[in-house]
Colleague: 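Sharing a structure, written as structure tokens. Questions coming.
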Amino acid sequence: MVRFSLFGIPIEIQPWFWITLALIGGAHRANSSEGLMVLALFIIAGALSILVHELGHALTIRHFGAPTRIVLQAFGGYAAYPAGILTRKQSFFVTAAGPALQMVWGALFLLVLIFGNLPETRIQIFVFYSMAISFFWAILNLIPVIPLDGGRLLESILGPKRIRLTLIISMVTAVIGAVILGYRFGSFLFPIFLGFMAYQNWQALQAYRR
């Protein structure tokens, strides 16, 4: 367990965060010293990108006067704050700030790739991973599936009176996303991830109906 503070915000990194990043980065294929180095570059780039994402949430939360902390765990992380303290509009901006800042982070590395004239070294690999992970993670999080940012944005837009519709859209999108990632791209971690979210949304929908 790693704990530290950044910009006055407490940050906790749990062991499963590193394990998940290693699995996504292809730990099963890292069977040489060079492979392990490339995997390490992927993990570092991923950790920094996801931390930037959560800082987007946390700094916006603090801007609205609420206390916050960041926890990086398996399949990402979250910026915690007291429930019910933010308005619906504030919640929307807090949610949007995470992927927005991460895309800016990715765009900076994209500019370095385009104009930096980098030699084909490990630095170029790190810059590429930083760019690719940032864009992929931000876009993935904008899928309208609760508890991803896209699902929370949809929840803020539709409001509490349409929570049933939000859950249905979230559940259906999660199933479709799992199928696409599984069969189209051959991924197995993200379909499991989205499948679990679909089940969570189904449970929430059943509880709402009762």
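Numbers here are sequence positions counted from 1.
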Colleague: Can you name the closest pair of heavy atoms from Pro67 and Tyr81 and give their distance?
Modeller: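 So the two residues come closest at O-CB, 3.4 Å.
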Colleague: Are Ile24 and Phe42 close enough that some pair of their side-chain heavy atoms sits under 4.5 Å apart?
Modeller: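 SC-SC contact between Ile24 and Phe42 confirmed.
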Colleague: Flag the pair Phe126 / Leu48 as yes when at least one side-chain heavy-atom distance between them is below 4.5 Å, and no otherwise.
Modeller: yes
Colleague: Just to verify, what does Phe93 make a ring pair (Phe, Tyr, Trp, His ring centres under 6.0 Å) with, not counting sequence neighbours?
Modeller: none
Colleague: Under 4.5 Å between side-chain heavy atoms, counting indirect links through other Ile/Leu/Val/Met/Phe/Trp/Tyr residues: same cluster for Ile180 and Val175 or not?
Modeller: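 Ile180 and Val175: separate clusters.
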Colleague: Measuring from atom CG of Leu41 to atom CD of Gln124, what distance do you get when rounded to the nearest 0.5 angstrom?
Modeller: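 Going from CG on Leu41 over to CD on Gln124, the span is 12.0 Å.
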Colleague: Please write out which residues are connected to Leu154 in a hydrophobic cluster, directly or through intermediates, given that two of Ile, Leu, Val, Met, Phe, Trp, Tyr count as joined at side-chain heavy-atom separations below 4.5 angstrom.
Modeller: Leu158, Leu165, Ile169
Colleague: Just by distance, do the side chain of Ser32 and the backbone of Gly35 share a donor-acceptor pair under 3.5 Å?
Modeller: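 Such a contact is found between Ser32 side chain and Gly35 backbone.
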Colleague: Can you name the closest pair of heavy atoms from Ala47 and Leu21 and give their distance?
Modeller: N-CD1, 3.7 Å
Colleague: Show your reasoning for whether side chain to side chain contact (heavy atoms under 4.5 Å, CB included) applies to Met37 and Ile125.
Modeller: CA-CA 10 Å; Met37 178 57 67; Ile125 294 173; over 6 Å; no
Colleague: Give a yes or no on whether Leu6 and Ile70 share a hydrophobic cluster (residues Ile, Leu, Val, Met, Phe, Trp, Tyr; joining criterion: side-chain heavy atoms under 4.5 Å apart).
Modeller: yes
Colleague: Tell me whether the count of non-hydrogen atoms from other residues, nucleotides or ligands lying under 6.0 Å of CZ in Phe128 goes above 12.
Modeller: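 For Phe128, atom CZ is not crowded (no more than 12 foreign heavy atoms under 6.0 Å).
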Colleague: Do you know which two heavy atoms are closest between Pro147 and Gln200, and how far apart they sit?
Modeller: CD-OE1, 4.3 Å
Colleague: Looking only at heavy atoms, which two atoms of Ala58 and Ile9 are closest? And how far apart?
Modeller: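 Looking at all heavy atoms of both residues, the closest pair is CB-CD1, 3.7 Å.
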Colleague: By side chain to side chain donor-acceptor pair (under 3.5 Å), which residues pair with Asn201, not counting sequence neighbours?
Modeller: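 Counting only residues at least two positions away or on another chain, Asn201 forms a side chain to side chain donor-acceptor pair (under 3.5 Å) with Ser170.
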Colleague: Taking all atoms of both residues into account, what is the closest heavy-atom pair of Ala178 and Gly195, and its distance?
Modeller: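 Heavy atoms only, the tightest pair is CB-N, 4.4 Å.
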Colleague: Are Leu153 and Leu142 close enough, and set up right, to give a side chain to side chain contact (heavy atoms under 4.5 Å, CB included), and what steps lead you there?
Modeller: CA-CA 8 Å; Leu153 289 173; Leu142 288 174; 3.9 Å; yes
Colleague: For the residue pair His53 and Pro99, establish whether any side-chain heavy-atom pair is separated by less than 4.5 Å.
Modeller: yes
Colleague: Going through the checks in order, is the side chain to side chain contact (heavy atoms under 4.5 Å, CB included) test met by Leu72 and Glu12?
Modeller: CA-CA 6 Å; Leu72 300 184; Glu12 175 184 304; over 6 Å; no
Colleague: Could you check whether any side-chain heavy atom of Asp149 comes within less than 4.5 Å of a side-chain heavy atom of His57, counting everything from C-beta outward?
Modeller: yes
Colleague: Do Tyr199 and Gln203 come close enough that some side-chain heavy atom pair is under 4.5 Å?
Modeller: yes
Colleague: Transitively linked via ILVMFWY side-chain contacts under 4.5 Å: Tyr129 with Val104?
Modeller: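 No; tracing contacts between hydrophobic side chains, which count when under 4.5 Å, never links both residues.
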Colleague: If we only count heavy atoms from C-beta on, is the Ser49 to Trp105 side-chain gap below 4.5 Å?
Modeller: yes
Colleague: If you link I, L, V, M, F, W and Y whenever their side-chain heavy atoms are under 4.5 Å apart, who else ends up in the same group as Leu108?
Modeller: none
Colleague: When you look at CG of Leu111, are more than 12 heavy atoms from neighbouring residues, nucleotides or ligands closer to it than 6.0 Å?
Modeller: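 Check passes, neighbour count above 12.
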Colleague: Taking all non-hydrogen atoms of both residues into account, name the closest pair between Ala66 and Leu86 and its distance.
Modeller: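 For Ala66 and Leu86, the tightest heavy-atom pair comes out as CB-CD2, 4.4 Å.
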Colleague: Taking only residues two or more places apart in sequence or in another chain, which ones pass side chain to side chain contact (heavy atoms under 4.5 Å, CB included) with Leu110?
Modeller: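 Testing Leu110 for side chain to side chain contact (heavy atoms under 4.5 Å, CB included), a comparison that skips the adjacent residues, returns Ile114, Met131, Phe135.
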Colleague: Taking CZ in Arg162 as the centre, count heavy atoms belonging to other residues, nucleotides or ligands within less than 6.0 Å. Is the count above 12?
Modeller: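 Result for CZ/Arg162: open.
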Colleague: Once rounded to the nearest 0.5 Å, what's the spacing between atom CD1 of Ile143 and atom OG1 of Thr173?
Modeller: 8.5 Å
Colleague: For atom CZ of Phe7, is the number of surrounding heavy atoms from other residues, nucleotides or ligands below 6.0 Å larger than 12?
Modeller: no
Colleague: Just how far is it from atom CG of Leu194 to atom CE of Met171, taken to the nearest 0.5 Å?
Modeller: 14.0 Å
Colleague: Report the residues that fulfil side chain to side chain contact (heavy atoms under 4.5 Å, CB included) with Tyr78, sequence neighbours left out, ordered by chain and then residue number.
Modeller: Arg69, Val71, Gln73, Ala80
Colleague: Could you grab the distance from atom CZ of Arg29 to atom CG of Leu36, nearest 0.5 Å is fine?
Modeller: 12.5 Å
Colleague: Could you go through Phe4 and Ile13, starting from their C-alpha distance and side-chain angles, then the distance that decides it, and tell me whether this counts as side chain to side chain contact (heavy atoms under 4.5 Å, CB included)?
Modeller: CA-CA 9 Å; Phe4 61 97; Ile13 305 180; 3.8 Å; yes
Colleague: Working to the nearest 0.5 angstrom, can you tell me the gap between Ile61 CD1 and Thr68 OG1?
Modeller: 3.5 Å
Colleague: Nearest 0.5 Å, what's the CD-OG1 distance between Gln14 and Thr20?
Modeller: 10.0 Å
Colleague: Is there a side-chain contact between Met1 and Arg3, using heavy atoms and a 4.5 Å cut-off?
Modeller: yes
Colleague: Under 3.5 Å, is there a donor on one side chain and an acceptor on the other for Ser156 and Ser91?
Modeller: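 Checked: Ser156/Ser91 side chains show no N/O donor-acceptor pair below 3.5 Å.
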Colleague: Under a 4.5 Å cut-off applied to non-hydrogen side-chain atoms, are Met197 and Leu148 in contact?
Modeller: yes
Colleague: Count I, L, V, M, F, W, Y as connected when their side-chain heavy atoms are under 4.5 Å apart, and connections chain through other members. Are Phe17 and Val52 then in the same cluster?
Modeller: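 Per the 4.5 Å side-chain linkage, Phe17 and Val52 are co-clustered.
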Colleague: Check for a donor-acceptor pair, side chain of Arg88 on one end and backbone N or O of Ile157 on the other, with a separation under 3.5 Å.
Modeller: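 Here the side-chain-to-backbone pair exists.
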Colleague: What about Leu23 and Ile44, same hydrophobic cluster or not, with Ile/Leu/Val/Met/Phe/Trp/Tyr joined at side-chain heavy-atom distances under 4.5 Å?
Modeller: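 Hydrophobic grouping puts Leu23 with Ile44.
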